[in-house]
Amino acid sequence: MISKLCHFMLACLLLPCLWTAAAAQAVSFPELSSAVPGHRDVTYFDLAEMIVPDLKAGDDGFYKGSAPIEMRDILGGDEGGSPPETISLSNAAVLAVKAGGKDRLAMLFDLGQAQDSAEGFAALALYDITGKPKLLDAVNVGTDQSTYFRDPGKLAISPDDDALITMSTHFNSNQGYVGTILILVRDGRFEPIDQINTFDENVCAYKRTQDLSFQTHAGDKPYSAIKVTVTDATKPSGESCEEPAPKAVSHDISVTYRWDAKASRYVKDSGAFEKLSAENAERF
């Protein structure tokens with residue numbers, strides 16, 4: 001009986017350790033003219049041409065092109081931005097990923113925005129480079145003016161699979177808007193898990209930030225559960241301002257995504273992030 005009790009207590013102590021914080025991954029920004037590792041005769045420019053077929057090197061160190069290939073918006077619908085008439089590209093973000101036990105390469109091209117569009121257009125491309133490079137999928141992940149891989153870039157959700165994290169953002173004088181997208185790579189395609197919208201504010205009396213962190217839960221099959229936490233923190237500036245300074249406060253808002261085999265997708269355990277987004281919209 002004592003032995004069973006000890007094992008139970010040990011299991012309870014170890015339970016929090018099953019959640020693993022995501023570590024930063026190696027996102028690189030190679031010159032497009034440089035060779036893809038393992039392919040002396042293939043450059044990143046060759047991969048970029050699969051997204052912008054008429055891409056050409058310019059005299060100013062940028063690569064110029066017109067329209068990219070047709071691609072869907074990662075979130076569905078027609079709410080994504082449009083690419084500019086002329087694309088000017090200096091480099092692309094590159095990240096090695098695993099999908100179904102296979103080595104893949106993801107490249108993120110921030111192609112800018114059309115004059116009549118509030119959002120930018122950012123192509124996220126998936127390549128198979130195990131043999132002759134092949135474009136497997138491409139989606140628009142731009143939801144704001146500038147788009148990047150968000151630190152940590154990717155999450156290991158099984159020994160053979162990664163999920164990707166992108167972010168789109170813009171800033172004005174005292175506000176920052178960020179849209180973060182979690183993306184599953186499955187069967188050679190990108191699938192959205194969720195979008196999380198956050199809002200930072202920096203005024204005379206205080207600074208309010210909403211930072212994201214990511215954890216995965218070991219042992220879940222076929223994909224690990226993903227816990228995303230927004231730390232909403234307000235810090236008084238200590239300056240003399242017209243508006244009163246709020247108290248220093250910080251609280252966490254967490255949502256856990258678990259794989260639903262029947263639905264064949266990740267499902268979240270609450271609508272906390274939608275509530276946060278609605279509350280943030282009232283502060284714009």
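Atom set for the values below is all heavy atoms of this structure, side chains included, hydrogens, waters and symmetry mates excluded.
- Judged by distance alone, with hydrogens and angles left aside, the side-chain atoms of Tyr44 form no donor-acceptor pair with the main-chain N or O of Pro30 at under 3.5 Å.
- Under the 4.5 Å side-chain contact rule for hydrophobic residues, Phe171 and Tyr206 do not share a cluster.
- In this structure, His39 and Ile129 approach most closely via the heavy-atom pair NE2-O, 2.5 Å.
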- Test side chain to side chain contact (heavy atoms under 4.5 Å, CB included) on Leu89 and Val52 and set out the steps. CA-CA 10 Å; Leu89 189 67; Val52 184; 5.8 Å; no
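- In this structure the side chain of Leu95 never reaches within 4.5 angstrom of the side chain of Leu108, judged on heavy atoms.
- Proximity of a side-chain donor or acceptor of Asp137 to a complementary backbone N or O of Phe190 within less than 3.5 Å is detected.
- Tyr257 places none of its side-chain heavy atoms less than 4.5 Å from the side chain of Leu184.
- Ring geometry for Tyr223 versus Trp259: interplanar angle over 60°, hence perpendicular rather than tilted (30 to 60°).
- Shortest non-hydrogen contact noted between Asp41 and Asp46 is O-OD2, 4.0 Å.
- The CE atom of Met107 sits 5.5 Å away from atom CG of Leu47, with the distance rounded to the nearest 0.5 Å.
- Without hydrogens or angle criteria, Asp110 side chain to Thr147 main chain gives a donor-acceptor distance under 3.5 Å.
- Under the rule for a side chain to side chain donor-acceptor pair (under 3.5 Å), the partners of Asn280 that lie at least two apart in sequence or sit in another chain are Gln210, Arg283.
- Every residue two or more places apart in sequence or in another chain that forms a side-chain contact (heavy atoms from CB on, under 4.5 Å) with Arg265 is listed here: Ala263, Val267.
- Here CD1 of Ile193 is found 9.5 Å from CD1 of Ile74. Values are rounded to the nearest 0.5 Å.
- Of all the heavy atoms in Arg40 and Ala35, the pair that sits closest is O-CB, 4.1 Å.
- A donor-acceptor pair under 3.5 Å is absent between the side-chain atoms of Thr209 and the main chain of Asp211, judged by distance alone.
- A 4.5 Å side-chain heavy-atom check between Val94 and Leu105 finds at least one atom pair inside the cut-off.
- In this structure, Pro53 and Ile69 approach most closely via the heavy-atom pair CG-CG2, 3.8 Å.
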- Query: Could you go step by step and tell me if Gln145 and Thr169 meet the side chain to side chain contact (heavy atoms under 4.5 Å, CB included) rule?
  - Reply: CA-CA 6 Å; Gln145 293 178 8; Thr169 183; over 6 Å; no
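- Checking Thr229 against Asp252 by side-chain atom types alone, no donor-acceptor pair falls below 3.5 Å.
- Contacts classified as disulfide bond (SG atoms under 2.5 Å apart) and involving residues 243-284 (residues at least two apart or in different chains) are not found.
- Asp187 places no side-chain N or O within donor-acceptor distance of the main-chain N or O of Arg189, the cut-off being under 3.5 Å.
- Arg208 has no carboxylate O lying under 4.0 Å from a charged side-chain N of Asp200, or vice versa, which leaves the two without a salt bridge.
- Formation of a donor-acceptor pair under 3.5 Å by the Asp269 side chain with backbone atoms of Val255 is not found in this model.
- Scanning both residues, Thr234 and Pro246, for their nearest heavy atoms gives CG2-CG, 3.7 Å.
- The closest donor-acceptor contact from the side chain of Ser237 to the backbone of Cys204 lies under 3.5 Å.
- Around NZ of Lys268, the count of heavy atoms belonging to other residues, nucleotides or ligands within 6.0 Å exceeds 12.
- Between Arg186 and Ser264 there is a side-chain heavy-atom pair separated by less than 4.5 Å.
- A distance of 12.0 Å separates CD of Gln195 from CZ of Phe273, quoted to the nearest 0.5 Å.
- In terms of hydrophobic clustering, with Ile, Leu, Val, Met, Phe, Trp and Tyr side chains grouped at heavy-atom distances under 4.5 Å, Ile87 and Phe62 are assigned to different clusters.
- When Lys102, Lys134, Arg104 are each tested for a side chain to side chain donor-acceptor pair (under 3.5 Å) with Asp128, only one passes: Arg104.
- With side-chain heavy atoms closer than 4.5 Å counting as contact, directly or through intermediates, the hydrophobic cluster containing Tyr148 also holds Met167, Val178.
- Other residues, nucleotides and ligands place no more than 12 heavy atoms under 6.0 Å from the CD atom of Glu31.
- In this structure a side-chain-to-backbone donor-acceptor pair under 3.5 Å is present from Lys154 to Ala96.
- The distance from the CG atom of Leu212 to the CG atom of Asp151 is 11.0 Å, given to the nearest 0.5 Å.
- Counting heavy-atom neighbours within 6.0 Å of Lys235 NZ, excluding the residue itself, gives a total of 12 or less.
- Side-chain atoms of Ser66 do not come within 3.5 Å of backbone N or O of Thr86 as any donor-acceptor pair.
- Heavy-atom minimum distance, Ser33 versus Thr43: O-CG2, 3.5 Å.
- Rounding to the nearest 0.5 angstrom, the gap separating the CG atom in Asp73 from the CZ atom in Phe121 is 8.0 Å.
- Taking 4.5 Å as the limit, every side-chain heavy atom of Ile165 sits out of range of all side-chain heavy atoms of Ile181.
- With rounding to the nearest 0.5 angstrom, the CG atom of Asn202 is 5.5 Å from the NZ atom of Lys207.
- Looking only at side-chain heavy atoms (C-beta outward), Leu164 and Val141 stay at 4.5 Å or farther from each other.
- Residues forming a ring-ring contact (aromatic ring centres under 6.0 Å, His included) with Phe45 (at least two apart in sequence, or on another chain): Tyr63.
- More than 12 heavy atoms of other residues, nucleotides or ligands sit less than 6.0 Å from atom CD of Glu243.
- Between the side chains of Ser158 and Asp160, no donor N or O sits under 3.5 Å from an acceptor N or O.
- Residues Thr143 and Asn197 fail the side-chain proximity criterion, which asks for heavy atoms closer than 4.5 Å.
- Annotation: ring-ring contact (aromatic ring centres under 6.0 Å, His included) contacts of His170 (sequence neighbours excluded): Tyr177.
- In this structure, the side chain of Asn140 does not engage the main chain of Ala123 through any donor-acceptor pair within 3.5 Å.
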